[in-house]
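Below is one structure, written out as structure tokens; the observations come after it.
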2 protein chains.
Amino acid sequence: MRWEDIDSQVCSMARALAIFGDRWTLLIVRDAFRRIRRFSDFEKSLGITKHRLSDRLNRLVDEGVMKKALYDEKRGRYEYRLTQKGLELYPVLMSVVQWGDKWACDDDGFPVEFRHKTCGHVSVPRYVCDCCNEPIDPRDMQPIPGPGVERKRARGELVQNEHSRNM
Amino acid sequence: MRWEDIDSQVCSMARALAIFGDRWTLLIVRDAFRRIRRFSDFEKSLGITKHRLSDRLNRLVDEGVMKKALYDEKRGRYEYRLTQKGLELYPVLMSVVQWGDKWACDDDGFPVEFRHKTCGHVSVPRYVCDCCNEPIDPRDMQPIPGPGVERKRARGELVQNEHSRNM
DNA sequence: TCTATAAGGTTCTTTTTTGGAACCTATCGC
DNA sequence: GCGATAGGTTCCAAAAAAGAACCTTATAGA
């Protein structure tokens, strides 16, 4: 399968990764969360080539993850900012950072921690069930087909077992 | 910067993405969570070429995210299973899936939901502060340098402002 | 006025990485 | 013996990425 067809899978993960699952995109989003907004600042921060950066920023704008905002009318200069769609990538970034802190760290320890302004403490956010508030253990999560699968199945659009690859 | 040097950044995210931030790896891990274990089953599920799959599985084993387990001594056949390091990618996958459910969905709705066996309810896990249990808003999280940055800075190893790209 | 510089790109060329298909090897069931 | 199966490897063409050079407009400074 070509990567560009990956989002044809009935799988939210495949469709999400079609947008940000390449080499640089998530690092660009990371920088955007760090309030980097201008082309040249992304360039300096990432060490990415202009070509690639231009391409990735445009793609993020096309996908609605970032938006351009004019900041210099004379020269037609735009900043790149996260949209709501982009802001909601925060849990993705946070979980990647936490995993990296634990498993891809050098001997000096993790590079950064976070203070939760609301309560004032250094926080290590955790994933909990929105119902019982208990931390999630993968073995306790049982996948069940949602509407996106049931409706397609009712219309006979799914090949055998395709519903089983729908995480 | 070459992608293969990306993990030299003092950034947990860059170092994590150096391991699983390419096109296929996270989809392979997804399948592993779905109890797919054998080469040919990954191949069928993903539509990836053998070449690529072999390469990615070996890399995951090298990185300690998966391990090989002999299941047919005669033929020297191995299964690929997640290690603890791999199992702890669950929040990453889950947050990607949730984002995809919300933002990369077709009109039929999300393909899958999850029942939390512990409490018996359909659950949408969320990130909360481990201190005050409130849901996390990105704007409330203030990054502060951790030991991985402070120690390097004390040894004079950081160039100006490098600590500021350490998420 | 002339020149230099900066931002935000685009173009060109070379390397790397993919995708796709064909091929290989050992064992098993018949 | 004969085809099927699992788990690869090899080869080649196509796509994507890296690196450098170049372009355009505007503004700052000599």
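Here the structure is a predicted model, which means the values were calculated and not measured. Below, read A as the first sequence line, B as the second, and so on, with proteins coming before strands; counting in each chain starts at 1. Note that these values count all heavy atoms, side chains included, but never hydrogens, waters or copies made by symmetry.
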- Take atom CG of A:L46 and atom C1' of D:dA17, then tell me their distance rounded to the nearest Å. 15 Å
- Message: Need one value for A:K50: base, sugar-phosphate or nothing, where a base atom within 4.0 Å counts as base even if backbone is also close, heavy atoms only.
- Response: base
- Consider the side chain of A:S54, meaning its heavy atoms from C-beta on, and name the nucleotide among C:dG9, D:dA17, C:dT17 that approaches it most closely. C:dG9
- Query: Taking OP1 and OP2 of D:dA14, is either one under 4.0 Å from a side-chain nitrogen or oxygen of A:W3?
  - Reply: no
- Below 4.0 angstrom from OP1 or OP2 of C:dA6, is there any side-chain N or O of A:R38? no
- Query: Roughly how many Å is it from CG in A:L57 to C1' in C:dG8, rounded to a whole number?
  - Reply: 11 Å
- Where each residue is assigned the nucleotide of DNA chain D containing its nearest heavy atom, which of A:I48 and A:D72 is assigned the position nearer the 5′ end? A:I48
- Is there a side-chain hydrogen bond (donor to acceptor under 3.5 Å, both in side chains) between A:S8 and A:D5 once you walk through the steps? CA-CA 6 Å; A:S8 65; A:D5 302 325; over 6 Å; no
- side chain to side chain contact (heavy atoms under 4.5 Å, CB included) partner of A:I136, chosen from B:R126, B:H116, B:M94: B:H116
- Integer-rounded Å distance: C:dT10 C1' and A:E43 CD: 13 Å
- Would you please say whether a donor-acceptor pair under 3.5 Å links the side chains of A:W103 and B:E88? yes
- Item | Euclidean distance, atom OH of residue B:Y78 to atom P of D:dA6 [Å, nearest integer] | 18 Å
- Task: In whole angstrom, give the distance that lies between atom CZ of B:R75 and atom C1' of D:dG8.
- Result: 14 Å
- Gap between atoms CG and C1', on B:L70 and D:dG7 respectively (whole Å): 13 Å
- Task: Please tell me which of B:R56 and B:K74 maps to the more 5' nucleotide of DNA chain C, matching each residue to the nucleotide holding its nearest heavy atom.
- Result: B:R56
- Message: Heavy atoms only, 4.0 Å cut-off, all strands: where does B:F42 land among base, sugar-phosphate and nothing?
- Response: nothing
- Check every strand shown and say whether B:S40 touches a base, only sugar-phosphate, or nothing at a heavy-atom separation below 4.0 Å. sugar-phosphate
- Item | A:R37 to A:Y78 six-membered ring, cation-pi geometry met (6.0 Å, 45°) | no
- Nearest to side-chain heavy atoms of B:R77, which nucleotide of C:dG20, C:dA7, D:dG7: D:dG7
- Item | Which nucleotide in D:dA16, C:dG19, C:dG8 has an atom nearest any side-chain atom of A:Y71 | C:dG8
- Message: Reading DNA chain C from 5' onward, which residue's closest nucleotide shows up sooner: A:R2 or A:F39?
- Response: A:F39
- Roughly how many Å is it from CD1 in A:I36 to C1' in C:dA7, rounded to a whole number? 16 Å
- Item | Under 4.0 angstrom between A:W24 side-chain N/O and D:dA18 OP1 or OP2 | yes
- Is the phosphate of C:dA21, meaning OP1 or OP2, less than 4.0 Å from a side-chain N or O of B:R52? no
- Between A:Y80 and A:F39, is the ring centre distance below 6.0 Å? no
- Starting from C1' on D:dA6, measure out to NZ on B:K68 and report it in whole angstrom. 13 Å
- Item | Main-chain N/O of B:E79 paired to B:R38 side chain as donor or acceptor, under 3.5 Å | no
- Message: D:dG8, OP1 or OP2 - any side-chain N/O from B:Y80 closer than 4.0 Å?
- Response: yes
